[in-house]
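Notes to accompany the following structure.
Every chain is numbered from 1 and lettered A, B, ... according to where its sequence line falls, protein lines coming before strand lines.
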There are 2 protein chains.
Amino acid sequence: MPDGTIEQKKGRKFDQVLAGARQVFLSDGFDGASVDDIARAAGVSKATLYSYFPDKRFLFMQMAKTECQRQAETTLEAVDIAAPIETVLRDIASQMVNFITSEFGQRIFRICVGESDRFPELGREFYESGPKMVRDRMVDVFHLAIERGELQIDDVTLAADQFHELCKADLFPRMVFSMASEFTEAEKMRVVDGAVDVFMARYGV
Amino acid sequence: MPDGTIEQKKGRKFDQVLAGARQVFLSDGFDGASVDDIARAAGVSKATLYSYFPDKRFLFMQMAKTECQRQAETTLEAVDIAAPIETVLRDIASQMVNFITSEFGQRIFRICVGESDRFPELGREFYESGPKMVRDRMVDVFHLAIERGELQIDDVTLAADQFHELCKADLFPRMVFSMASEFTEAEKMRVVDGAVDVFMARYGV
DNA sequence: TTCTGTATAAACTGATCAGTTCACTTCGAG
DNA sequence: CTCGAAGTGAACTGATCAGTTTATACAGAA
């Protein structure tokens with residue numbers, strides 16, 4: 001105990017349970033997932049599962065939080081801020097579009113939306129570690145570009161939200177309402193370019 | 001039978017059942033709603049309910065379709081197309097924002113999103129009678145404005161989708177993830193004005 | 001009056017599922 | 001070698017719920 005693993009709350013199967021939960025919740029939704037299925041997917045007995053998590057809701061929340069954090073970390077990292085603002089925006093837009101149209105993005109969104117009436121904490125958690133983080137990151141980028149005289153923005157947070165929304169045009173509703181599940185590069189490009197164009201027309205110098 | 005009511009598929013309690021379904025589904029979601037509750041809310045026996053609708057899913061679909069149509073009819077009607085395009089856009093944006101932030105808009109969206117994995121028809125139905133109709137209507141407006149030399153748009157449907165998305169900035173994520181349930185007029189105005197500004201900067205002559 | 005179609009209440013079936021309990025195993029530390 | 005913590009599997013409880021059935025009521029039309 002003097003060294004090593006302080007990180008984990010409890011025994012060795014904790015991560016296993018979370019992985020099983022991830023798999024089953026993501027493919028079946030909250031109500032659709034049965035605890036027996038999760039235990040089976042995790043390769044763990046139900047009793048063990050319940051020794052780690054007090055109930056199904058809690059397990060779900062924990063899973064969702066973990067997943068969101070992981071996602072937020074990998075997104076918006078590989079953007080070259082030194083490049084001209086149009087390039088930066090195009091990169092960011094691409095990443096957003098890719099996330100929105102990804103299997104994972106779609107599923108986690110679906111569950112959070114559907115369930116955040118019954119447990120609002122979930123929605124809030126997701127917002128904080130998802131859209132909120134993206135917005136903050138964008139605001140930073142904008143400030144930099146403003147300093148460099150590339151952009152002129154009065155309401156920076158609004159601009160960030162607008163950009164984010166612009167990246168959803170067409171794709172998002174079609175995705176979310178099961179009109180399409182995959183998109184061609186051309187379809188994505190159309191939206192990305194459109195978003196950058198509109199944004200620059202208003203906020204470019 | 002020579003005159004009168006051809007419209008209804010079956011007997012007198014049909015609408016009652018639908019009304020009960022509307023009430024319970026909208027407040028409890030699909031899984032949350034029990035058929036017994038619906039029958040009770042409708043003031044109808046369960047047997048009667050099942051004589052009208054083959055099962056719960058079908059009842060739900062029917063309710064959602066009906067509601068969407070009703071909503072689509074009342075929205076985007078009282079817009080004065082003769083007015084200058086900026087005014088027209090502002091009116092439309094206001095209506096969109098009001099719908100997005102409405103109790104009903106939020107609930108129906110939540111259910112459709114959460115459930116359209118399990119029955120994709122629902123999502124499609126909603127898309128066709130919701131976003132799609134709005135888009136078509138907007139495209140008409142744009143064409144008119146282009147003819148009048150007020151707008152210049154290459155990809156008209158993309159522009160319509162962009163405008164729609166711009167109206168969701170900030171408000172929509174906060175609403176959907178339970179960060180807020182009501183908004184001040186000022187908050188709404190900020191988004192409406194922002195949307196029109198951005199849109200006109202790109203597509204205005 | 002009688003027949004028919006629509007309605008009802010209430011009991012019932014069959015299934016699912018969250019969460020608990022229990023008797024038993026495994027394995028590492030002292 | 002033994003103790004105890006962590007894990008297992010299977011049975012069990014209690015509850016909910018979709019959908020069915022049955023026996024009954026009541027209307028208007030023939």
Side-chain angles (χ1 to χ4, degrees), chain A residues 1-64 111 114-115 118-119 122, chain B residues 1-64 111 114-115 118-119 122:
Chain A
M1 254 170 232
D3 73 340
T5 60
I6 323 102
E7 70 272 10
Q8 219 47 84
K9 325 196 162 183
K10 269 182 189 172
R12 17 189 250 279
K13 308 253 168 161
F14 190 89
D15 289 347
Q16 252 182 70
V17 175
L18 231 49
R22 181 197 135 96
Q23 187 193 125
V24 179
F25 276 134
L26 245 40
S27 88
D28 297 355
F30 181 76
D31 283 305
S34 91
V35 176
D36 291 82
D37 282 354
I38 294 171
R40 203 174 310 122
V44 141
S45 77
K46 218 159 87 153
T48 303
L49 185 154
Y50 274 106
S51 82
Y52 285 125
F53 301 95
D55 59 21
K56 194 187 179 186
R57 286 164 80 108
F58 196 88
L59 172 58
F60 180 71
M61 290 274 307
Q62 213 63 26
M63 179 283 280
I111 296 178
E115 239 57 53
R118 266 187 292 182
F119 23 163
L122 171 63
Chain B
M1 253 173 229
D3 73 339
T5 60
I6 323 101
E7 70 271 9
Q8 218 49 82
K9 324 193 165 186
K10 270 183 188 171
R12 18 190 250 278
K13 309 252 168 161
F14 189 89
D15 289 347
Q16 253 182 71
V17 175
L18 231 48
R22 181 197 134 98
Q23 189 194 121
V24 179
F25 276 133
L26 246 41
S27 89
D28 296 355
F30 181 76
D31 283 304
S34 91
V35 176
D36 290 84
D37 282 354
I38 294 172
R40 203 173 310 121
V44 141
S45 77
K46 217 161 81 151
T48 303
L49 186 153
Y50 274 104
S51 82
Y52 284 123
F53 301 94
D55 60 21
K56 193 187 179 187
R57 286 164 81 109
F58 196 88
L59 171 57
F60 180 72
M61 290 274 306
Q62 213 63 26
M63 178 284 279
I111 296 178
E115 239 57 53
R118 266 188 293 184
F119 23 163
L122 170 64

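- Computed from coordinates, the Arg40(B) CZ to dA9(C) P distance equals 11 Å when rounded to whole Å.
- At the phosphate of dA9(C), neither OP1 nor OP2 sits under 4.0 Å from any side-chain N or O atom of Ser45(B).
- Rounding to the nearest 0.5 Å gives a distance of 12.0 Å between CZ of Arg40(B) and CG of Leu49(B).
- Here the nucleotide nearest the side chain of Lys13(B), chosen from dG19(C), dG19(D), dA7(C), is dA7(C).
- Checking dG7(D), dT20(C), dT8(C) against every side-chain atom of Val44(B), the shortest atom distance belongs to dT8(C).
- In the set dG7(D), dC17(C), dT8(C), dC17(C) carries the atom at the smallest distance from any side-chain atom of Ser34(A).
- Interatomic distance, CG of Leu59(B) versus OH of Tyr52(B), reported as 12.5 Å (0.5 Å rounding).
- Taking side-chain N and O atoms only, Lys46(A) has no distance below 4.0 Å to OP1 or OP2 of dG7(D).
- Using the six-membered ring where Trp is involved, Phe53(B) and Phe58(B) have ring planes that are tilted, between 30° and 60° apart.
- With dA9(C), dA7(C), dA18(D) as the candidates, the nucleotide lying closest to the side chain of Ala47(B) is dA9(C).
- In this structure, Phe30(A) places its CZ atom 19 Å from P of dT16(C), rounding to the nearest Å.
- If you check dT6(C), dG19(D), dT8(C) against the side chain of Tyr52(B), the one that comes closest is dT6(C).
- Regarding contacts with the backbone of dT8(D), a side-chain N or O of Thr48(A) is found under 4.0 angstrom from either OP1 or OP2.
- Residue Tyr50(B) places no side-chain N or O under 4.0 Å from the OP1 or OP2 atom of dT21(D).
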